[in-house]
Amino acid sequence: MSKGFTLIDLVIALAILAIIAAFALPGYQDMVRKSRRNEAMQMMAKIQLAEEKWRINHNSYSNELAAMGFHLPSNVLKTEYGNYQIIVSAPTEAGYRITASAIIGSPQALDQGCTTLALVINNKQATASPTACWSK
C-alpha cells in the first residue's frame, strides 16, 4: 500500500477549488467596485464642503476647483487612485451639480449602471443619483 496522493485525488481537489473560485470571484469583484465608488463619494463630499465655504464668502457657488483650494495639475480633478474624474457644473446662488465619471480604462469603467455618479445640491437639499449606486 503506497502513501500519498494519486493524480485523480489532485484533479478532484483542483476541480473543487475551481468551482469555489468561480462562485467567489464575481462577488469579490463587485465588492471591490463598491468600495471604489466610495472614493468618488468622499471626493464629492470634500467638494461639497469647499462649495459651502466658498458660498459664505462670495454669495454664490463656484465651478472653479482651483479657486476653492484644490491643487490641479490640469483642469480635471481626479480621485486619489485615478478611477473617477470630478466635474462641478451649473453653479448658481441656489445650487450646483457635482458629477463623478469613471475614467475609461480604469477598473471602474466596468461598474455597470454606476459609471457616472451625480450629486445635485439645490436650495440646500442634496439629490444623489443613481440611488442604487449610493446605497451601502
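Quick note: numbers below take in every heavy atom, side chains included, and nothing from hydrogens, waters or symmetry partners.
Every residue two or more places apart in sequence or in another chain was checked for a salt bridge (Lys or Arg N to Asp or Glu O under 4.0 Å) with Glu64, and none qualifies. Looking at residues two or more places apart in sequence or on another chain, you find no salt bridge (Lys or Arg N to Asp or Glu O under 4.0 Å) involving Arg97.
The line from CZ of Arg36 to SG of Cys114 is 13.5 Å long, rounded to the nearest 0.5 Å. Taken to the nearest 0.5 Å, the CD1 atom of Ile87 stands 9.5 Å off from the CG atom of Leu65. Asn83 CG to Met43 CE: the interatomic distance, rounded to the nearest 0.5 Å, is 11.5 Å. The structure places CG of Leu77 at 5.0 Å from CD1 of Ile47, a figure rounded to the nearest 0.5 Å.
One hydrophobic cluster, built from ILVMFWY side chains closer than 4.5 Å, holds both Trp134 and Val88. Cluster annotation: Phe70 is connected to Met41 through the hydrophobic network of ILVMFWY side chains, with a link wherever side-chain heavy atoms come within less than 4.5 Å.
Among residue pairs with one or both ends in residues 7-24, those qualifying as side chain to side chain donor-acceptor pair (under 3.5 Å) are Thr6-Asp9; sequence neighbours excluded. Sorted pairs that involve residues 105-131 and meet ring pair (Phe, Tyr, Trp, His ring centres under 6.0 Å), not counting sequence neighbours, are lacking altogether. Pairs of residues two or more places apart, or lying in two chains, that qualify as ring pair (Phe, Tyr, Trp, His ring centres under 6.0 Å) and include a residue from residues 41-63 are Trp54-His58, Tyr61-Tyr96.
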Per-pair distances, 0.1 Å, donor-acceptor, side chain in residues 12-31, under 3.5 Å, sequence neighbours excluded:
none

Exercise for the section: Assess whether side chain to side chain contact (heavy atoms under 4.5 Å, CB included) is satisfied between Met68 and Glu51, documenting all intermediate values. Expected result: CA-CA 7 Å; Met68 290 187 285; Glu51 284 282 6; 3.6 Å; yes
Practice task
Give the intermediate values and the outcome of side-chain hydrogen bond (donor to acceptor under 3.5 Å, both in side chains) for residues Tyr84 and Glu39.
Solution key: CA-CA 8 Å; Tyr84 288 93; Glu39 172 188 354; over 6 Å; no
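Within the 4.5 Å cutoff, the side chain of Lys46 has no heavy atoms near those of the Leu49 side chain. Contact of the Ser89 side chain with the Asn63 side chain is not registered, since no non-hydrogen atoms from C-beta on lie closer than 4.5 Å. With contacts defined as side-chain heavy-atom distances shorter than 4.5 Å, the pair Ile121/Gln48 qualifies.
Residues Met44 and Ile86 share a closest heavy-atom pair of CG-CD1, 4.2 Å. Contact detail for Cys133 and Gly113: the closest heavy-atom pair is SG-O, 3.5 Å. Closest approach of Ala109 and Ile104 over heavy atoms only: CB-CA, 4.4 Å. Heavy-atom minimum distance, Thr79 versus Ala40: CG2-CA, 3.9 Å.
Salt bridge status for Asp111 with Arg37: present, with a side-chain N to carboxylate O gap under 4.0 Å.
The main-chain N or O of Thr115 is never found under 3.5 Å from a side-chain atom of Gln108 such that the two would form a donor-acceptor pair.
Heavy-atom neighbours of Ile8 CD1 from other residues, nucleotides or ligands within 6.0 Å: at or below the threshold of 12.
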